[in-house]
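For ligands, and for the atoms within them, numbers begin at 1 and follow the listed sequence.
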Amino acid sequence: MLSIENYLSPIIRNIDSSLRFELDEADIVYIDKVRQLKLDLINNRVKLKDVDIVRLDIAESWLRSFQEYHVDMQDCSKAPALNQKAFSKRVSEKEKLLKAAEPYIEQLESIAANTHCFIMLTDEQGVILRVVEGDFQEAKNTNTQLQLLPGGVWTEATVGTCSHALSIFLQCPTQVCGSEHYCESFSHSSCSSAPIFNANGGLEGVLSIASPYIQRQSSHSLGLVVSTAWAIQNEIQLLGKNRLYAIPAQERSPNHSEAQFKFKEILGESAAMLTTIDNARKFARIEANILIQGESGTGKEVFAQSIHNESRPRGPFVAENCAAIPRTLIESELFGYEGGSFTGAERQGRIGKIEQANGGTLFLDEIGDMPLELQAVLLRVIEEKKVKRVGGNRSIPVDFRLITATNKDLLKLTRNNQFREDLYYRIATFKICIPPLRERGGDILHLAEHYIKLYAQKQKIRVPSLSKTAKYMLLKYDWPGNVRQLQNAVLYAVTMAKNGQIRPEDFPSEIVLENTQANNPKAQPLTSGKVDDCGKDKITSINELEKVAIERALQQTNNNIRIASELLGMSKSTLYRKIKEYDLFLKN
Ligand SMILES: Nc1ncnc2c1ncn2[C@@H]1O[C@H](COP(=O)(O)OP(=O)(O)OP(=O)(O)O)[C@@H](O)[C@H]1O
């Protein structure tokens, strides 16, 4: 994969700001030049080899739209649409994609809401599956006019060059703006798209951030859509594995396990993590129920998989998220059901997750969300090691290791009668508390460097280095979403990095802003200019970052100057000098 620069529309590079609302004279001249070039190219007045002001991919797509598909540039304001039946079929075929994408689309919706953008998800054939405009009324109006609605078929063959169609064709991210679109109807619009691939490397769909305005698109929109598409892709690949979880144990090859993680693959060198890993290894060797506690994204499932691989590697690993399934379905999901026991049930019945886990491990995530009435049933299953399917009388013996996880305070829930105390003591024979990332000191940088390398290699780009200021910023940030948030932030930064270096402004805005405005109201956001040549206010904010990073490093290393200086990437003597400068020993 090439650097992000190669996918950006030159129109956007000309505009060079996502915040301006008006195009200026130079932008308009440029957009007109692109339009003229398009006309000259399709009318044979210019040769493909002489195309200079647009990317070759765009010019080739114009030619395909004209010569192969005969799309009418002036009159393609309405794309065709699937009928209701065909669309419903498509939706059910793309259930996995839709399910994986939904939480990310919701997250993007809140970000896009104020930016005059909307979000669109299409399948690999250009059929629009989801369009989310939020309260953006103008987008709703234009989209209805253009048939940019679920069921609409937007491909090069139907509407000519457009961003997601090009992403489908090229199988890589792309941004198309204004007159780069083939049709005149879209000459004011802009769109950034990124492909989503399934576990077999096949194209599953395309995610886009689009706007009826050219100037609402930026390099950040492309960065955002790339990293979100990547996150959805990971989710889909996991769902693919979850599907395998449903294969009954007896149908699996004996040494086949779906749990990927092993203890040796858990990243973390901080004292807090080493102790946690050590305890977990010990617990894994004893057949007892384990409760894993930790904030979201700290790696609870990573630990559950590692325990499984240490203790029951030949059995199935069956994971269920109690918060992700509707209350009405949890019971049949977990315990299974006998044929015809309720409306909508499969005729031959279905085995539940507990039976599927026979011989292996049952991992119940978000156990705090399990409805009280089912807690009683689960308790009985744990005590008797037998399960009764919904609508059945047979008691089926089951042998599974139970690992549960939660990010809630379960003891508090028991005090409030929201969680059964007897169940709590049953599932929490051993407890593993995974520390939040902000308490793991140097792990933040180790993990960041690890993911930078990983994502750069996947994108086939040179591994960028982390600037010193970016390191300080990462050490100082609180990471409420823990390792998962760090992964996404690093992916974003790797995508945005320029000249082989990641600077603070390459990270998502919530991290940059938190590190400047929230903690230092006088400081300028680091995104507003280059850090290296910034003004006095920005120097203050960088000093502030440095000071907090040093404080944290000292705190996390128990004032061990050697380790802290390694962590901070400075010599011991510089660290001593800075400690004095910032008056830090006095505070300790
Ligand atoms: N110590 C670690 N080493 C390597 N990868 C990790 C580690 N901790 C977390 N991850 C990665 O972070 C992501 C989140 O981990 P995981 O799903 O296990 O978190 P979780 O605590 O179960 O989250 P949630 O509570 O939201 O379900 C995964 O992609 C996982 O691979």
salt_bridge(Arg420, Glu373) N-O dist < 4.0 Å: no
Is Lys408 paired with Glu366 through a side-chain N to carboxylate O contact shorter than 4.0 Å?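 Answer for the salt bridge query: no.
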Protein heavy-atom partner closest to [atom] - residue, atom, separation in Å:
| atom | result |
| --- | --- |
| atom 16 (P) of ligand 1 | Gly299 CA, 3.7 Å |
| atom 20 (P) of ligand 1 | Lys300 N, 3.4 Å |
| atom 30 (C) of ligand 1 | Val302 CG2, 3.6 Å |
| atom 3 (N) of ligand 1 | Leu267 N, 2.9 Å |
| atom 12 (O) of ligand 1 | Val483 CG1, 3.5 Å |

Near Glu421 CD, under 6.0 Å, is it more than 12 heavy atoms from other residues, nucleotides or ligands? no
Is the number of heavy atoms from other residues, nucleotides or ligands under 6.0 Å of Arg462 CZ greater than 12? no
By the definition side chain to side chain contact (heavy atoms under 4.5 Å, CB included), identify the one residue from Asn279, Leu291, Leu410 that meets it with Lys431.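 The residue from Asn279, Leu291, Leu410 that satisfies side chain to side chain contact (heavy atoms under 4.5 Å, CB included) with Lys431 turns out to be Leu291.
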Relative to ligand 1, is Phe261 under 4.0 angstrom through side chain, backbone, both or neither, heavy atoms considered? side chain
Report the part of Met273 (side chain from C-beta onward, or backbone N, CA, C, O) that has a heavy atom under 4.0 Å from ligand 1; answer both or neither where that applies. side chain
Over 60° means perpendicular and under 30° means parallel, so tell me whether Trp479 and Tyr477 are parallel, tilted or perpendicular. perpendicular
Gly297-ligand 1 polar pair, N/O distance under 3.5 Å: yes
Close-contact set for ligand 1 against Tyr451 heavy atoms, below 4.0 Å: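 Numbered from 1, ligand 1 contributes 4 (C), 5 (N), 6 (C), 11 (C).
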